[in-house]
Amino acid sequence: MITCFRSIQLLTIKERMDSGHLGGDGRDRGMSEDSFNILLATDIHLGFAERDPIRGNDSFITFKEILDIGLREEVDFILLGGDLFHENKPSRQCLQKCMDILRQYVFGPKPIEFEFLSDPEEIFKTAAVKTVNYEDENLNIGMPIFSIHGNHDDPAGLGQFCSLDLLSTAALVNYFGKIESLKEIHVRPLLFRKGEISLALFGLSAIKDDRLHRLFSESKVTFMRPQEDKESWFNLLVLHQNRVAHGPKNHIPESFLPKFMNLVFWGHEHECLVKEEYNQLQDFYVSQPGSSVATSLVPGEMKQKAVGILRLHKNKVFEIEEVPLKTVRPLIIGNLSVTGLSEDTSEEEISDLIAEEINNLIEMSKNKVTGHPDQPTLPLVRLNIEYELESQMISTTLFGRRFQDLVANPSDILKFKKVLPGKQSKEGILDADALEDAFQNASLNERVESLVEDYFKNSEKPLHLLSERGLSEAVRLFTDKEDKDALEKIVEIQMKKTMDYLKKNSTYIEEGSFDDLKSNTDAFLEQFKCERKEKKKDEEDIAELKKELETPKRHRGARTVQDENEEDDDVNFVPTSAARAKLRGRGRGRGETKTRSPKGKARGGGRVTAPVIELEDDVRIEDVDMDETIPPSPPPGRGGRSVGAKRGRTTQSSIKEALSRQSSLPRSSGTTQRRGYNYEDSD
């Protein structure tokens with residue numbers, strides 16, 4: 001994937017003054033050249049749970065605190081990373097509250113100490129007011145706010161407007177980074193200068209992750225760079241996308257972003273990771289401030305909420321100061337398992353057990369009370385409960401009434417999760433200590449296969465049949481190349497070699513009782529694993545895995561008619577799971593068989609380019625080396641579906657018989673005959 005770059009021409013101060021974008025004094029009002037200070041905040045979600053009588057005002061209280069921090073720290077401007085509003089169409093009450101808070105902080109006599117060098121007609125061409133608000137002669141802006149939109153407050157409807165467009169027209173927010181085309185994206189920076197510090201601010205507002213992933217992969221995302229002194233600019237990118245992978249294409253890998261960036265400000269992710277993290281491969285830093293309000297009761301939201309103060313200095317030197325938020329409502333989450341309780345345990349006893357745990361969580365939440373006069377002190381509490389039997393559940397509504405005045409969310413204080421009888425929970429399967437060590441010792445840029453290998457090397461529950469090296473390499477191939485067969489194939493390869501080794505030593509293993517058999521097997525498995533390490537057999541397995549994966553997917557494990565001829569006629573053909581997934585047809589006329597019908601009239605007619613043999617479970621085998629034309633079934637009648645004869649057990653003899661019947665059918669040039677119907681081939 002190659003990211004495109006283009007250069008843009010700066011407007012000089014004189015050109016901007018002549019065009020009327022700057023005042024006669026060039027807006028130089030005693031600039032402080034020591035540092036360029038920017039407050040970083042994101043995912044404020046104004047209006048979240050606004051109908052809740054207890055939590056309805058939480059987002060507005062914390063938003064006001066964020067603006068207070070900006071005022072106290074005397075930042076040059078505030079940069080928001082999207083999702084200022086929780087709803088795409090916020091209520092009038094929500095808009096009114098937001099605008100009332102903004103006007104208290106945005107307007108004021110404080111001088112603006114930095115220059116805006118970009119062409120505002122180009123940057124704000126989709127806005128009603130095509131300039132930054134602090135250059136409007138009719139306004140007195142003391143603390144500018146710049147923002148992109150997120151996935152919650154994105155443009156929609158007639159004209160593709162969003163709530164930020166309203167705030168921009170009201171001169172309360174400078175809205176930038178709006179996507180003009182979903183076929184190709186051009187990201188133009190906002191260029192600022194404060195003394196000797198030059199800042200290029202790139203904004204990429206939220207679009208669907210899979211769509212943006214595809215555009216990056218197709219090199220259709222272009223970042224424009226200033227022509228003058230390219231290396232003197234501090235390049236800051238703000239975007240609002242999934243950072244954590246929720247699927248192969250449902251996130252934006254950091255490797256997609258241009259390497260000339262100095263800092264990436266990541267919105268959308270709610271976990272607070274303000275301090276900059278270095279990406280060695282891309283040679284830039286990433287800051288993820290996280291949300292300022294908990295919109296879901298999950299562990300990631302339980303971390304201390306904060307904002308960041310970015311301080312830029314000369315020569316692109318910078319640091320980010322983490323400023324904790326003190327008005328966030330306390331959130332505490334716990335886990336409880338009741339699977340061990342007997343069926344005779346009464347509902348009252350279960351309720352008392354759960355209530356005791358809830359009281360402990362409430363007591364723990366007091367440690368999160370900051371003493372700020374505006375902080376809501378009634379905590380959010382969530383207890384995740386694992387159960388096996390329905391008798392181990394209780395009514396969450398009735399139970400919540402016991403804590404009506406003690407928690408902020410009595411109606412959803414409990415969350416039950418059923419565990420299948422006899423099935424261990426994740427806590428029982430995984431080595432929690434080894435897992436925690438693997439993640440604590442890893443940076444955000446750590447490769448997932450390295451984490452897998454570190455986990456199993458340090459775990460008290462090591463691998464016995466597979467090797468750490470082979471498994472981690474399969475994970476790498478799965479994540480990098482999205483090859484879903486990698487894990488399955490490494491298991492097949494190493495299991496086969498393990499079984500061969502055990503068979504070779506079966507004489508020694510099978511001696512003695514059953515306990516001796518198990519003990520001998522474990523001993524030989526450990527011996528085999530040591531021999532593999534000494535002889536570096538893992539590398540052979542990896543080479544075999546890569547060779548197997550280089551084979552086209554439709555040929556992996558699939559067996560042809562020619563293979564069947566080498567075996568007994570009555571042996572059924574059962575394709576592997578990989579072959580089933582690839583070769584199974586869905587519905588009528590689907591699959592990979594290419595059929596041309598005459599003038600589009602006859603459904604399913606024409607010449608079949610790849611003969612197909614139908615087997616059980618609708619499996620289709622392609623690329624059979626035959627010249628015969630398979631006559632398709634006649635149409636059953638107006639608008640109906642043809643109902644084929646009931647298929648019996650497919651054997652080698654039945655396949656041969658079917659092929660024999662095909663070859664005996666009459667053929668004529670230019671037509672395909674089928675049960676009295678002649679269809680002209682559309683060549």
Side-chain angles (χ1 to χ4, degrees), residues 5-40 75-80 110-127 129-137 139-148 168 171 173-178 180 186-205 222-238 258 260-263 265 310-318:
F5 313 104
R6 290 185 184 174
S7 298
I8 57 176
Q9 181 68 44
L10 273 66
L11 295 181
T12 65
I13 298 295
K14 184 177 184 305
E15 289 173 336
R16 307 247 5 263
M17 289 172 60
D18 293 342
S19 63
H21 293 305
L22 285 179
D25 59 354
R27 302 289 284 189
D28 185 356
R29 294 176 277 184
M31 292 185 180
S32 173
E33 301 179 0
D34 295 333
S35 64
F36 204 143
N37 304 319
I38 304 168
L39 187 148
L40 307 178
V75 298
D76 290 291
F77 65 82
I78 294 176
L79 179 59
L80 303 180
K110 179 179 174 290
I112 304 301
E113 300 181 342
F114 58 92
E115 307 162 357
F116 180 60
L117 304 180
S118 299
D119 182 359
E121 296 286 341
E122 184 64 35
I123 296 295
F124 302 108
K125 61 183 178 182
T126 61
V129 182
K130 294 176 173 49
T131 183
V132 287
N133 57 359
Y134 61 84
E135 291 187 352
D136 191 324
E137 297 178 354
L139 302 172
N140 200 6
I141 304 296
M143 188 168 64
I145 296 177
F146 292 84
S147 179
I148 62 172
S168 174
V173 169
N174 297 294
Y175 171 34
F176 72 107
K178 191 171 184 177
E180 300 174 26
H186 298 273
V187 185
R188 303 179 67 91
L190 282 70
L191 303 176
F192 303 98
R193 180 167 291 154
K194 183 178 181 182
E196 298 181 19
I197 303 172
S198 300
L199 169 65
L201 174 59
F202 297 81
L204 188 59
S205 291
T222 303
F223 289 84
M224 323 286 274
R225 298 187 68 181
Q227 291 180 347
E228 303 175 6
D229 301 324
K230 288 184 180 180
E231 301 306 318
S232 67
W233 293 87
F234 183 91
N235 299 296
L236 169 61
L237 169 64
V238 54
F260 70 81
M261 292 297 169
N262 301 107
L263 176 65
F265 168 24
L310 171 63
R311 303 188 190 279
L312 301 180
H313 305 285
K314 298 177 183 178
N315 302 319
K316 297 194 284 190
V317 176
F318 76 98

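Using a 4.5 Å heavy-atom threshold, the side chains of Val173 and Leu80 count as separate. With a 4.5 Å cut-off on side-chain heavy atoms, Leu236 and Phe202 do not count as touching. For the pair Leu310 and Phe318, the minimum side-chain heavy-atom distance is below 4.5 Å. Looking at His313 and Ser35, their side chains come closer than 4.5 Å, going by heavy atoms from C-beta outward. By the 4.5 Å heavy-atom criterion applied to side chains, Leu199 and Lys194 are not counted as neighbours. Residues Phe260 and Lys230 are not in side-chain contact: their nearest non-hydrogen atoms beyond the backbone lie 4.5 Å or more apart. Side-chain contact check for Leu201 versus Leu79: some heavy-atom pair is nearer than 4.5 Å.
Once rounded to the nearest 0.5 Å, the distance linking CE of Met224 with OG of Ser118 reads 11.5 Å. The distance from the CD1 atom of Ile197 to the CG atom of Asn315 is 9.5 Å, given to the nearest 0.5 Å. Considering CG of Asn133 and CG of Asn140, their distance stands at 11.0 Å, rounded to 0.5 Å.
Ring geometry, Tyr134 versus Phe114: the interplanar angle exceeds 60°, so the pair is classed perpendicular (tilted spans 30 to 60°). Between Phe77 and Phe192, the ring-plane angle classifies as tilted under the 30° and 60° cut-offs.
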**OP:** Report the C-alpha distance between Val132 and Phe146 in whole Å, list the side-chain angles of each, state the deciding distance to 0.1 Å, and finish with yes or no for side-chain contact (heavy atoms from CB on, under 4.5 Å).
**Re:** CA-CA 9 Å; Val132 287; Phe146 292 84; 3.9 Å; yes
**OP:** Start with the C-alpha gap between Arg193 and Trp233, add the side-chain angles, then the distance that decides, and say whether side-chain contact (heavy atoms from CB on, under 4.5 Å) holds.
**Re:** CA-CA 9 Å; Arg193 180 167 291 154; Trp233 293 87; 3.6 Å; yes
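Tested against Arg188 for a salt bridge (Lys or Arg N to Asp or Glu O under 4.0 Å), the candidates Glu121, Glu180, Glu122 yield a single pass: Glu122.
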